[in-house]
Every structure is written in structure tokens, then in C-alpha cells.
2 protein chains.
Amino acid sequence: MARAALRILDDDGLPDLTMRRLAASLDVQPSALYWHFPNKQTLLAELADRIVAQAAPRRAGADAGSHTRAAAFALRDALLAYRDGAEVVSSTLALGLGAASAREGLADAIAADGFARTDADRAATALLHFVMGHVSHEQQRLQYDSLGVVAPEAGGAGLGASGSADDFAFGVDLLIGGLQAARARVSEG
Amino acid sequence: MARAALRILDDDGLPDLTMRRLAASLDVQPSALYWHFPNKQTLLAELADRIVAQAAPRRAGADAGSHTRAAAFALRDALLAYRDGAEVVSSTLALGLGAASAREGLADAIAADGFARTDADRAATALLHFVMGHVSHEQQRLQYDSLGVVAPEAGGAGLGASGSADDFAFGVDLLIGGLQAARARVSEG
DNA sequence: ACCTGAACACCGTTCAAGT
DNA sequence: ACCTGAACACCGTTCAAGT
């Protein structure tokens, strides 16, 4: 059932993922779904859990902040793996139900890069927000572009989707750089 | 009309901001709205523009990165000024229609802090994504908390809404620190 | 120029009743 | 245990027609 929902999500997008459409895809009446899930929100939380769980840990390099970078890209890839994945995860993030593991994964990676646990937790929150914001934006653009509702990249630069990975890396490196600078400041006294 | 919509948004939230409800608040038939706006999306873009436009530039301090910090907080305040403000702005960001000025405002502030224009533009994108992600999360929590659908802060720390401003500042300072570190690296050669 | 009336094609959710 | 049938209270949008 969650599988069928993910299929609709990926094929037709979040707006088309309705309880009625999901029921139809399972050859069942819409009301039948409410025996399995109390409401749509809970269904989406389940999907969010599955999406972030797919985040396969990448091999971390040897350079500074490489675990953090790897975890951030792994999360991005997991979100990009399903159409509107970021939207789904974002919508359930505040509930604290699903996708909590995403934050923990980032925090662990930051700690693995040798940063203090207290900093790692707060930085993970910041990084998570950046990742969600970035990928949401990226996927929204993909959707609008495919609909022909093009918008010539507000600001004028017009780098397009190809620049997204670069922009993402830039943001991640900025946060890592900030962490390193903070650590350097402390160790200097 | 946009005024009436903002009123509903603030009083009852985005889910209750329907075309039918807006029409009723104006003592008009729903179909009448379509003479003024082609669709709901355009209406929301208009609202996003107005929300972001309210971002009153704060007085920047004298310390490094103060313009950037001030602009980030001004944007956060503007988003927080309306219920679900971040959601509304996020939803129209990818369209490139409304809220484009938010990114420009941040980029200008970063440049005003003495960073190179090319870095400023990319950093503004990262900062914007962080701000949107953070405030969206914050406002979603506010809504869930008020509905009693409490979630004990995934992760266990349980800092609550009071920690939001601190977390926000931490994230902004991380990004500013990253920019400074990058600049230092360049000037060293 | 601006709005009404009526319709079209949908939603999420509930709940008695069936098997 | 799991599903159907039927209903409730909604959506956004279109479009001829009115003033």
C-alpha cells in the first residue's frame, strides 16, 4: 500500500497522490484505506520515512568535513529519487513522526568529522533546513519546467537545473567552513 | 482583495484560505475572483510578494557579517508576521514570480558585508534556502502545537519554540563564518 | 468592467453494513 | 479482519449570461 502510493508519487506527483486515486490503483474503495491508516497525513509520514531511509551512505573522502558532505549528498539523492520527495518529507518533518532519522544521520556525520556533539546537533538542524529548502526548490522547478510554466531564473543569471548540484555543494561547504571556523576560534582561545 | 486574503491567512491559516472562503469574505461569488486573478497560484504569488516586501531592513551592527545577519532576521520576521507565511513564499519561490526580491535582498546584504558579488549570489541562494526551511519548520510546529498534535521534538533534546531564534542565529552565523573562511583562504593565496 | 448562477470534475473522511 | 456503499461537507475552475 505504501508501495502503491510511492508509485503514484513518482509517476504523477504529489498533487495527484489522492486517497481516491490510491484506492483506485489498489482496486478498492477509498474508505478501505482508512482501515490501514487513520488519515492521509499518517500515510505521508510513512512515505517520508521510506524516502529518507533509502539514503545510502556514500563513501566519505579523507578531506575535512567529508562525512558531512557525503551525508548531505546522500540525503539529497534520496529526496531526488522520488518526485516531490522533498515536499513529502518537509510536510512531515515538523510532526516529528517521520524523517527524524534524516536529522540524526546528518548530526552523526558532523560528529564523525570531529565536531563537538552540541555543535553537531545544532549544525545538523541548519544543514537539514538548507537541504530541504534547496531540494524543494529544485524539485518545484523541475515540475514547473516540465509543465512549460517556465520562469527565467529570478535574478537574471539563468544557470538552470545543471547548476543545482554546484549550488548545493556550495551551500554545504559554506556550513562546513563555518563549523571549522568556529572550532578554530575555540581552539585558539 | 489581497488584503482580505492576507486576513484569512493570518486568522485561519493556509488550509482555510480557499477561493470560496475568500469570495465569501468579500460578499461575492467564487467565480468573481477569476476576473481579478487567473488562478489561485497567482493570488498566492501576490501574497508572497507582499509578505516579503514587509521585510523592514534592520539596523546593521558594526561587526563582520552584520548586514547579512540583519537581512536574514528581517526576512525571518517578515515570514513570521503572517501565519504560514513561509509556506506561502516557498510555494511561489520556484515560480520566480513573487518573492524574488527576497533573494536579491540577501545578496545585496552579503555584498554590503564586503564579499565578492559572485560569492554573494550563490551564498544568498544557500541562505534563502536555509531561512525558508527553518521558518517553514518553525511555523509548522506552531500550528501542530496549537492543535495539540504535539510531537516531543524529534531527537529528544526538546528545546521547543523558544530555541528557534537561537537555532536560526546559529545557522546564519555558520553560513557567514563559511563565507569569511572562504575569503581568508583566497586572500592567503 | 465586473459579477451571478449553475455546473463540472474533483477532494478527505465517516460510518453503518456486509463478508 | 477487511472491505463496500452511500453520504457529508467541501474543493478550484469554467462559462454563459446578466448589469
Side-chain angles (χ1 to χ4, degrees), chain A residues 1-49 83-84 87-95 97-98 140 143-144 146-149 151, chain B residues 1-49 83-84 87-95 97-98 140 143-144 146-149 151:
Chain A
M1 167 152 176
R3 235 78 64 88
L6 282 173
R7 182 131 233 283
I8 294 173
L9 181 67
D10 211 30
D11 288 348
D12 305 296
L14 187 55
D16 280 357
L17 176 52
T18 69
M19 296 302 264
R20 300 179 108 101
R21 184 131 164 35
L22 173 58
S25 87
L26 294 165
D27 280 311
V28 118
Q29 292 302 117
S31 48
L33 303 179
Y34 289 84
W35 193 91
H36 302 278
F37 288 94
N39 48 47
K40 189 177 181 179
Q41 180 102 251
T42 311
L43 201 231
L44 290 177
E46 168 80 26
L47 300 189
D49 271 343
R83 180 138 55 141
D84 295 332
E87 269 293 317
V88 172
V89 174
S90 285
S91 72
T92 62
L93 241 179
L95 270 174
L97 297 179
Q140 266 184 276
Q143 201 176 324
Y144 287 141
S146 76
L147 290 174
V149 195
Chain B
M1 169 154 176
R3 234 78 62 89
L6 282 172
R7 183 130 231 283
I8 294 173
L9 181 67
D10 212 29
D11 288 347
D12 306 294
L14 188 56
D16 281 359
L17 177 51
T18 68
M19 297 300 265
R20 298 177 109 101
R21 184 130 164 37
L22 174 58
S25 86
L26 293 166
D27 281 311
V28 120
Q29 293 302 119
S31 49
L33 302 178
Y34 290 84
W35 193 90
H36 301 279
F37 288 94
N39 49 48
K40 188 178 182 178
Q41 181 103 249
T42 311
L43 201 230
L44 290 175
E46 168 79 26
L47 300 188
D49 271 343
R83 181 140 54 141
D84 295 332
E87 270 291 318
V88 172
V89 174
S90 284
S91 72
T92 62
L93 240 178
L95 270 174
L97 295 179
Q140 265 183 277
Q143 200 175 324
Y144 288 140
S146 76
L147 289 175
V149 195

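Each chain gets a letter, A, B and so on, in the order the sequences are listed, and its residues count up from 1.
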Tell me, for nucleotides 12-19 of chain D in 5' to 3' order, what letter each nucleotide earns: B for a base near a protein heavy atom under 4.0 Å, S for only sugar-phosphate near one, - for neither?
-> BBBB----

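- Per the geometry, CG belonging to B:L33 stands 16 Å off C1' belonging to C:dA1, to the nearest Å.
- Residue pairs meeting the salt bridge (charged side-chain N to carboxylate O under 4.0 Å, His left out) criterion with at least one member in residues 29-46 of chain B, sequence neighbours excluded, are B:E46-B:R50.
- Closest of all the heavy-atom pairs between B:L26 and B:A4 is CD2-CB, 3.7 Å.
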Check residues 13-23 of chain A and write down every donor-acceptor pair under 3.5 Å in which the side-chain atom is one partner and the other belongs to a residue at least two apart or another chain.
residue, atom, partner, partner atom, Å
A:T18, OG1, A:R21, N, 2.9
A:R21, NH2, A:D12, OD2, 2.5

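- Separating the CG atom of A:L22 from the C1' atom of C:dC10 is a distance of 16 Å, rounded to the nearest angstrom.
- Put simply, CG on A:D12 is 16 Å from C1' on C:dC11, counting in whole angstrom units.
- Phosphate contact (OP1/OP2 of C:dC3, side-chain N/O of B:H36, threshold under 4.0 Å): present.
- One interatomic measurement links the two molecules: CZ of B:F37 to C1' of C:dA1, which rounds to 16 Å at whole-angstrom precision.
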Carefully, step by step, assess A:L93 and B:Q140 under the rule side-chain contact (heavy atoms from CB on, under 4.5 Å).
-> CA-CA 9 Å; A:L93 241 179; B:Q140 265 183 277; 5.5 Å; no

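- Considering B:L6, B:V89, B:T92 as possible partners of B:L47, the one that fulfils the side-chain contact (heavy atoms from CB on, under 4.5 Å) test is B:L6.
- Counting only Watson-Crick and G-U wobble pairs whose two distances sit under 3.5 Å, DNA chain D takes part in these stems of three or more pairs: C:4-8 with D:12-16, C:12-16 with D:4-8.
- Distance from the side chain of A:W35 is smallest for D:dC2 among the nucleotides C:dC3, D:dC3, D:dC2.
- With P as the reference atom, D:dA9 and C:dA9 are 23 Å apart, rounded to whole Å.
- Residue A:R83 holds its CZ atom at 8.5 Å from CG of A:L9, rounded to the nearest 0.5 Å.
- The side-chain hydrogen bond (donor to acceptor under 3.5 Å, both in side chains) pairs that include a residue from residues 22-39 of chain A are A:N39-A:T42, where partners are two or more places apart or lie in different chains.
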Chi angles and distances behind the side-chain contact (heavy atoms from CB on, under 4.5 Å) call for A:L43, A:L33 = CA-CA 10 Å; A:L43 201 231; A:L33 303 179; over 6 Å; no

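- Taking B:D11 as the reference, B:R7 meet the salt bridge (charged side-chain N to carboxylate O under 4.0 Å, His left out) condition, with sequence neighbours excluded.
- Distance noted for atom C1' between D:dC3 and C:dC15: 13 Å (whole Å).
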